[in-house]
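Beneath this line is the structure, given in structure tokens, with notes to follow.
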Amino acid sequence: MTDTEIEITADLVRDLLQEQHPDLAGLAIREVAGGWGNQMWRLGDELAVRMQRMDPTPEPQLKERRWLPVLAPRLPLPVPTPLRFGEPSERFPKHWTVMTWVPGEPLDHGSISRGDHAADMLAGFLRALHVEAPAEAPIAMGRGAHPRHCTDGFENFFQAVAPDDIAPDDIAADVRAVWDDAVAAPEWEGPRVWVHGDLHPANVVVSDGTLSGIVDFGDMFAGDPAWDLAAAWVLLPAGTASRFFDTYAHADEAAIRRARGLAAMKSLFLMLMGQNGDRGLPGGKPHWGPVGRAALDRVLKGV
């Protein structure tokens with residue numbers, strides 16, 4: 001059995017805790033549905049264990065371990081904060097981390113009914129996050145570039161999704177026009193700021209009809225905030241993007257153009273994951289198809 005094929009069970013999690021953090025081994029352990037690169041397990045009522053699964057390197061967890069304790073105190077929404085470190089062992093040759101649990105329901109299984117409130121919460125969170133990062137902050141790996149350097153990724157998603165999910169041709173042309181406008185937008189000229197980097201509906205949680213937490217910072221980097229500003233269309237209900245940008249107040253026209261194009265690409269990715277789920281492919285998520293299509297509709301309408 002290879003490392004990537006190790007079956008992660010509640011018994012394994014408990015054994016690892018007993019070996020490295022025995023004072024936590026008596027807490028209830030429950031699997032959390034979802035997750036791909038890492039698998040989450042509830043640990044009691046207030047903690048979670050994040051187990052490296054399909055991620056080829058421990059880098060995402062190591063980034064979270066180093067930087068989330070620095071960022072969390074100044075963020076206005078709850079985020080998972082690492083408390084204990086689990087190191088590779090003969091029993092499980094990968095990294096795992098005990099973190100605080102962020103209560104709420106993932107947005108891809110929930111909904112936002114208080115759109116204006118959610119727009120204000122997201123804008124306030126990103127204003128607090130998007131501050132100049134120190135020189136030693138992580139550099140984007142595969143994310144964070146100007147859209148003009150991401151055309152291969154966009155084309156791959158576009159070609160995979162277009163025949164089934166963005167016909168007729170005029171809709172496909174509108175999607176390409178949004179992307180081309182982002183490619184033509186000026187580059188980010190400000191300082192490298194902290195960026196979450198992977199804001200999609202499975203990485204935010206909601207309660208009482210609004211945003212209540214942000215999770216999975218494994219892709220965080222210092223760079224262009226437009227990668228997070230795309231969430232105005234990917235996460236928020238129709239009609240609230242303008243309020244979000246008014247509240248955020250730090251995005252110029254170029255940043256909004258880049259963000260809208262990136263939102264189109266992220267929407268196509270969600271739709272492709274939905275297709276993969278319908279086909280029974282590994283990592284596919286059938287319920288992401290409608291989520292991605294709704295996001296793309298918001299991108300095309302610009303609202």
Expected output: side-chain R258 to main-chain A184 donor-acceptor under 3.5 Å: no
Could you tell me whether D181 and R260 have a side-chain N and a carboxylate O separated by less than 4.0 Å? no
Using the rule given for ring pair (Phe, Tyr, Trp, His ring centres under 6.0 Å), can you reason through W288 versus H200, listing the C-alpha separation, both sets of side-chain angles and the distance that settles it, and then say yes or no? CA-CA 10 Å; W288 280 18; H200 61 66; 5.1 Å; yes
Taking the six-membered ring where the residue is Trp, are the ring centres of F125 and W194 under 6.0 Å apart? no
Can we say R50 and E64 salt-bridge, meaning some charged N sits less than 4.0 Å from an Asp/Glu carboxylate O? yes
Would E31 and Q39 count as a side-chain hydrogen bond (donor to acceptor under 3.5 Å, both in side chains) here? Give the steps. CA-CA 8 Å; E31 184 176 2; Q39 187 177 37; 2.9 Å; yes
If you measure from the Lys or Arg side-chain nitrogens to the Asp or Glu carboxylate oxygens, is any gap between K266 and D198 under 4.0 Å? no
Treating R30 as the side-chain partner and G44 as the backbone partner, does any N or O pair qualify as donor plus acceptor under 3.5 Å? yes
Tell me, do F217 and N203 make a side-chain contact under 4.5 Å, heavy atoms counted? no
R148 and E187 ion-paired at < 4.0 Å: yes
Where the side chain of K285 meets the backbone of G277, is there a donor-acceptor pair that is under 3.5 Å apart? no
Short question: side chain of H196, backbone of D216 - any donor-acceptor pair under 3.5 Å? yes
Under 3.5 Å: donor-acceptor pair, side chain of K63, backbone of M220: yes
Would you say that W179 contacts C150 through its side chain, given a criterion of any heavy-atom pair below 4.5 Å between the two side chains? yes
When rounded to the nearest 0.5 angstrom, what is the spacing between NE2 in H95 and OG in S89? 10.5 Å
Do you know the tightest heavy-atom contact between R192 and A135? NH1-O, 4.2 Å
Would you check if V79 and L71 make a side-chain contact, meaning some heavy-atom pair closer than 4.5 Å? no
Geometric cation-pi criterion R176 and F158, 6.0 Å radius, 45° cone: yes
Does CD1 in I139 sit with more than 12 non-hydrogen atoms of other residues, nucleotides or ligands closer than 6.0 Å? no
Is it the case that the side chain of T100 and the backbone of T81 share a donor-acceptor pair, with hydrogens and angles ignored and the cut-off at 3.5 Å? yes
R84/D23 ion pair, N-O < 4.0 Å: yes
E136 atom CD, neighbour heavy-atom count above 12 within 6.0 Å: yes
Run the salt-bridge test on R65 and E87 with the 4.0 Å N-O cut-off and return the result as yes or no. yes
Kindly compute the distance separating CE (M265) from CG (L296), expressed to the nearest 0.5 Å. 13.0 Å
How many angstroms lie between atom OH of Y248 and atom CG of D228, to the nearest 0.5 angstrom? 8.0 Å
Looking at CG of L262 and CG of L229, how far apart are the two atoms once the value is rounded to the nearest 0.5 Å? 9.5 Å
Separation between CE of M271 and CE of M273, rounded to the nearest 0.5 Å: 14.0 Å
Salt bridge flag under 4.0 Å for residues R91 and D15: yes
CG of L17 to CG of L27: how many Å apart, nearest 0.5 Å? 8.0 Å
When you measure from the side chain of R298 to the backbone of P237, do you find a donor-acceptor pair of N or O atoms at a distance under 3.5 Å? no
Any salt bridge linking D208 with R114? Criterion: basic side-chain nitrogen under 4.0 Å from a carboxylate oxygen. no
Scan side-chain atoms only and decide if D108 and H287 contain a donor-acceptor pair under the 3.5 Å cut-off. yes
Between T240 and G115, is there a donor-acceptor pair closer than 3.5 Å when you use the side chain of the first and the backbone of the second? no
Is the closest basic N to carboxylate O distance between R293 and D297 below 4.0 Å? yes
I would like to know whether H130 and H250 meet ring pair (Phe, Tyr, Trp, His ring centres under 6.0 Å); could you show each step before the answer? CA-CA 10 Å; H130 291 167; H250 293 315; 9.5 Å; no
